Amino acid sequence: MLKINKLRAEILTDKSENISDLYGFDISFQQGLNIIAGPNSRGKTTINSCIYYALGMEELLGAHNEKALDKALKEEFTIKSNEEEEGTNFKVLSSKIILEIENENSEVVCLERHIKPSTDGIKTSNILIHFSSFDNMNGEDDEKTKGIFFVNSRGNNEDPNGFYNWLSEFINIELPQVSNSSRTDNYSPLYLQTIFSALFIEQTKGWSDFFATMPFFGITKAKEKIVEFILGLNEIVLSTQKDVLNKEKNTITEDWKRKIKSFSYLEKQTNSTVINIPEELTTDKTEIDKISVLFPTSENEKISFSQFLNQKTEAVKDLENRPIATIKENREEAILEFNNQKEEYYKLKDYIERFENKLRVEKQQFSSLNSQIIIIESEIKDHINLQKVFSENIINESGANQCPTCTQEVTTNLISTKNIKIPQLTLEENTNFLRSQKKIIESSISSFKETVNEKDALLLYFKNSLRQKEVLIKSISKDLISDDRAFSESEVVKKLQLEREIESLLLLNESISELKEELVALANKYHNNNVKIGNLGESEKEDETKLANFETQYKNSLFGFGYDSNEKYQISINRKEPFKYLPVYINKKEGIYLPQSIRINSSASDFVRNIWAYTLSLLNNGINHPGVIMFDEPGQHRTNLSSLKALFKTSSEIKEKQTIIFTSIDKPLHNEQNERIDLDVLIEDLESSNYKLIRLDNVHKVIQRLAVE
């Protein structure tokens, strides 16, 4: 459980009389509802973004490190005594944020993170943790209890020095392992940043969809995993186990296909036909036992392996038992044999040429894939280096994002925002995408390599067969031009070749037997895999109870907020894909049986109400919920005042957890009633003990001179 106690910004300026003369703000929070209210441009967003930043969650705002923060915290700000005057401009020399947080065990720590460091040795990608309250920071014992942890770098959810790893332990959250396509081992923790996308709803993008600010980390079905984890569903463990078993099943299936393909190579090597090969993977051993091989004896006749082997053996015996014939005795048979062998020779030669051409193309493709891997690896390295450039502030520390060499503008996006309407990915998203592309190409390379090696072996066999035919044809040619009284050399060659064919047949039989044994072994693995998957079962009844309670509270809250786009019976939390664990619209009376997205079946203001209800219900029902949520300007998209009032009322009734709402005052809602946000109306029905109001000044901005302690 996480509770935010205090937020403090400290800024040293060019007009500070000494290093103790600081500017900034100092805000305290309580358990339950906290309301930060004020006119526009008074600093609500500044306060909001500082909480993100102190918790290492600025990635949810769309940037890394201090780039997510307003220039008032890192460049300059203005202080006015009244609206009429221009005010005094202050340049920021150094700045930092301190956030005091507490867990369910009443342990209090302070997170200190620099925005503009005072020295080069301090990194904005590090968070300093003081294992004490704010009042006891920098005391005699503080040096012994400090710890430095890193954010925005690989391994920060797993490494002992990673901040998210530390934070998850502090708030007593054990991050589960989930499937991740961007990882070489295919698994990663359910990153803390993804979980916080369900807690912190920011103003710009947060109201556009559920989990709208969730960064892309390659986690499979990330939204489902977040809900499963927060609600404490058994399915999150079962789904990972199923994923492991399903990947094992896919591997078994691919191995089966490769083994089946091996039969076709054996066929080509021996001019045989393997029959009764199961088209699909089977666990029926009798189906595997039926696999056998046939050999053609004529255009329309095929015989079994044993019959064909017997024929070859008898032919050898016949040649051994009869005296060597003279050329005269064997001439007619030699001429016929010569013509047949010559015809087969040219057919085989033509086939080998076509086979070599196809193999050459495949080798070129194989070479091209290897070249692509080199290019992608280079791009990944470049992206990682760029991430380091931006994270370590190598680019112009003034925040202008200018190249230090040519001074042109540089952004953390891979393409300029000017005149471009296509979606843009961050460096990290692109890096993850490139890694997934690399994995796909590596898989293709592995498959190509195996195929090319098999075909190389097959080509050697074909060429060897061609050479044997050349030897036989030459020996027959010699017989045809030799003295009729000489002994026939072709019979000797024929006998030797028959003996080699018998050896090949025995090897073929052995290979087929081995392949059948390997298929049986794969069938056993497949059977055991199915048994394990079956034993896992579907989500348990306990999960359904949790989902039913979550759904009930969500719907009650939703309609309590004034939702009217659909009837209550038409809305539910979906249990299956698509939109698993998300609100959906189903209207069976109108013949609609498939679930539809609640977003496209609700007005813009009603969809915002959906996000209110969904986020609050996760907070109320979440067994693993961190215990805090933040809404930045929930009065979006023509929402009416009565709905906002209901939101504040519902939030104030959640006393054991923390809700922080940032809201404008006297701001038009642009609804049909032409209402304006009236803070007095919003809080008039709230019990004073159930909320804390932090009202920003109507004239002065939040950054002011801090009192000297």
Side-chain angles (χ1 to χ4, degrees), residues 4 7 25 27-49 51 199-204 206-207 553-554 556-564 602-620 628-702:
I4 296 171
L7 174 69
F25 51 83
I27 298 171
S28 297
F29 300 88
Q30 69 174 26
Q31 193 73 298
L33 174 62
N34 297 266
I35 304 167
I36 294 92
N40 286 341
S41 303
R42 290 297 177 268
K44 296 186 301 297
T45 301
T46 300
I47 298 169
N48 177 272
S49 60
I51 295 175
L199 319 182
F200 290 0
I201 314 299
E202 60 89 35
Q203 178 183 359
T204 307
W207 301 108
Q553 183 157 45
Y554 154 74
N556 289 340
S557 296
L558 180 63
F559 285 88
F561 294 149
Y563 179 89
D564 62 4
S602 301
S603 66
S605 60
D606 268 347
F607 184 66
V608 170
R609 293 182 181 93
N610 263 285
I611 296 177
W612 297 350
Y614 194 82
T615 307
L616 284 167
S617 298
L618 284 176
L619 176 68
N620 267 324
V628 59
I629 61 172
M630 265 192 339
F631 289 157
D632 187 12
E633 298 288 6
Q636 299 280 331
H637 304 292
R638 305 166 70 90
T639 306
N640 58 44
L641 198 58
S642 62
S643 293
L644 278 171
K645 189 174 180 179
L647 169 65
F648 279 61
K649 177 70 172 173
T650 302
S651 300
S652 71
E653 292 167 353
I654 306 173
K655 300 176 183 179
E656 300 304 315
K657 296 178 182 179
Q658 191 174 47
T659 303
I660 302 173
I661 298 178
F662 296 83
T663 181
S664 297
I665 56 175
D666 197 31
K667 175 185 175 182
L669 289 167
H670 303 292
N671 56 25
E672 294 178 359
Q673 294 79 28
N674 292 320
E675 292 179 307
R676 304 180 76 85
I677 297 177
D678 188 330
L679 183 63
D680 294 333
V681 173
L682 292 178
I683 64 175
E684 64 183 2
D685 294 334
L686 306 184
E687 294 183 24
S688 59
S689 61
N690 285 355
Y691 73 97
K692 178 173 183 177
L693 175 61
I694 302 160
R695 186 159 189 161
L696 304 183
D697 196 286
N698 286 341
V699 176
H700 302 109
K701 294 190 177 183
V702 69

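If you read the sequence from its start, that first residue is 1, and numbering goes on from there. Note that the structure is a prediction, hence the values are computed from the model and not measured.
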Trainee: Determine whether more than 12 heavy atoms belonging to other residues, nucleotides or ligands lie under 6.0 Å from atom CD of Glu656.
Mentor: no
Trainee: To the nearest 0.5 Å, how far apart are CG in Leu33 and CD in Gln658?
Mentor: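 Going from the CG atom of Leu33 to the CD atom of Gln658 covers 9.5 Å.
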Trainee: Taking the side chain as every heavy atom from C-beta outward, state whether Thr659 and Tyr691 have any pair of such atoms under 4.5 Å apart.
Mentor: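 Side chain of Thr659 against side chain of Tyr691, heavy atoms only: no contact under 4.5 Å found.
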Trainee: Would you call Ile629 and Phe200 a side-chain contact if the rule is heavy atoms closer than 4.5 Å?
Mentor: no
Trainee: Would Leu558 and Arg609 count as a side chain to side chain contact (heavy atoms under 4.5 Å, CB included) here? Give the steps.
Mentor: CA-CA 6 Å; Leu558 180 63; Arg609 293 182 181 93; 4.1 Å; yes
Trainee: Does Asp564 offer a backbone N or O that forms a donor-acceptor pair with the side chain of Asp606 under 3.5 Å?
Mentor: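 Yes, because the side chain of Asp606 sits within donor-acceptor range (under 3.5 Å) of the backbone of Asp564.
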Trainee: Does the separation of the ring centres of Phe648 and Trp612 fall below 6.0 angstrom?
Mentor: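 Between Trp612 and Phe648, which both carry aromatic rings, the centre distance is not below 6.0 Å.
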Trainee: Give me the atom names and distance for the closest heavy-atom approach of Ser617 to Ala613.
Mentor: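 Ser617 and Ala613 have their closest heavy atoms at OG-O, 2.7 Å.
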Trainee: Working to the nearest 0.5 angstrom, can you tell me the gap between Ile660 CD1 and Ile27 CD1?
Mentor: 10.0 Å
Trainee: Between CG of Asn40 and OG of Ser664, what distance do you get to the nearest 0.5 Å?
Mentor: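 That separation rounds to 4.0 Å.
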Trainee: Can you see which heavy atom on Leu199 is nearest to which on Thr615, and at what distance?
Mentor: O-CG2, 4.5 Å
Trainee: Mind listing the closest non-hydrogen atom pair of Pro39 and Leu696 along with its distance?
Mentor: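 It is CD-O, 4.3 Å.
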Trainee: Using only atom types and a distance under 3.5 Å, with no angle test, would you say the side chain of Glu687 pairs donor to acceptor with the backbone of Ser689?
Mentor: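 No, Glu687 side chain to Ser689 backbone: no donor-acceptor pair under 3.5 Å.
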Trainee: Do any pairs count as a side chain to side chain donor-acceptor pair (under 3.5 Å) and have a residue in residues 28-39, sequence neighbours left out, and if so which ones?
Mentor: none
Trainee: Partners of Ala646 by side chain to side chain contact (heavy atoms under 4.5 Å, CB included), sequence neighbours excluded?
Mentor: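 For Ala646, the residues satisfying side chain to side chain contact (heavy atoms under 4.5 Å, CB included) (neighbours in sequence not counted) are Phe561.
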Trainee: When rounded to the nearest 0.5 angstrom, what distance separates CD in Glu202 from CH2 in Trp207?
Mentor: 10.0 Å
Trainee: Please walk me through it: do Tyr563 and Val608 pass side chain to side chain contact (heavy atoms under 4.5 Å, CB included)?
Mentor: CA-CA 10 Å; Tyr563 179 89; Val608 170; over 6 Å; no
Trainee: On a heavy-atom basis, which atom in Arg676 and which in Pro668 lie closest, and how many Å separate them?
Mentor: NH2-CD, 3.5 Å
Trainee: Hey, is the main chain of Thr639 close enough, under 3.5 Å, to the side chain of Ser643 for a donor-acceptor pair?
Mentor: no
Trainee: State, yes or no, whether a side-chain contact exists between Arg42 and His700 at a heavy-atom distance under 4.5 Å.
Mentor: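 A side-chain contact is absent here, since even the closest heavy-atom pair is not under 4.5 Å.
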Trainee: Are side-chain heavy atoms of Ile35 and Thr663 found at a separation under 4.5 Å?
Mentor: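 Contact flag for Ile35/Thr663 side chains = yes.
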Trainee: Here's a test for you: under side-chain contact (heavy atoms from CB on, under 4.5 Å), which of Leu686, Asp685, Ile661 qualifies with Ser652?
Mentor: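 Exactly one candidate clears the test, Leu686.
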Trainee: Counting distance only, does the side-chain N/O of Glu675 pair as donor-acceptor with the main-chain N or O of Leu641 below 3.5 Å?
Mentor: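 The answer is yes, because a donor-acceptor pair under 3.5 Å joins these two groups.
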Trainee: Nearest 0.5 angstrom please: Asn620 CG to Ser557 OG, how far?
Mentor: 7.0 Å
Trainee: List the steps and the verdict of side chain to side chain contact (heavy atoms under 4.5 Å, CB included) for Met630 and Asn48.
Mentor: CA-CA 8 Å; Met630 265 192 339; Asn48 177 272; 3.7 Å; yes
Trainee: Would you say the side-chain atoms of Lys44 pair up with the backbone N or O of Gly38, donor to acceptor, closer than 3.5 Å?
Mentor: yes
Trainee: Grab the two heavy atoms, one from Pro634 and one from Leu647, that are nearest each other, plus how far apart they are.
Mentor: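 Where Pro634 meets Leu647 most closely, the heavy atoms are CB-CD2, 3.7 Å.
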Trainee: Quick one: does Ser49's side chain have a donor or acceptor within less than 3.5 Å of a partner on Thr46's backbone?
Mentor: yes
Trainee: Roughly how far apart are Asp632 CG and Thr204 OG1, rounded to 0.5 Å?
Mentor: 7.5 Å
Trainee: Do the non-hydrogen side-chain atoms of Leu693 and Ile683 ever get within less than 4.5 Å of each other?
Mentor: yes
Trainee: Start with the C-alpha distance between Tyr614 and Leu616, add both sets of side-chain angles, then the distance that settles side chain to side chain contact (heavy atoms under 4.5 Å, CB included), and finish with yes or no.
Mentor: CA-CA 6 Å; Tyr614 194 82; Leu616 284 167; over 6 Å; no
Trainee: Please report the closest heavy-atom contact between Leu679 and Ala37, naming both atoms and the distance.
Mentor: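 Closest pair (atom of Leu679, atom of Ala37, distance): CD2-CB, 3.7 Å.
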Trainee: For a 4.5 angstrom cut-off between non-hydrogen side-chain atoms, does Val628 reach Lys657?
Mentor: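 The answer is no, as the side chains (C-beta and beyond) never meet within the 4.5 Å cut-off.
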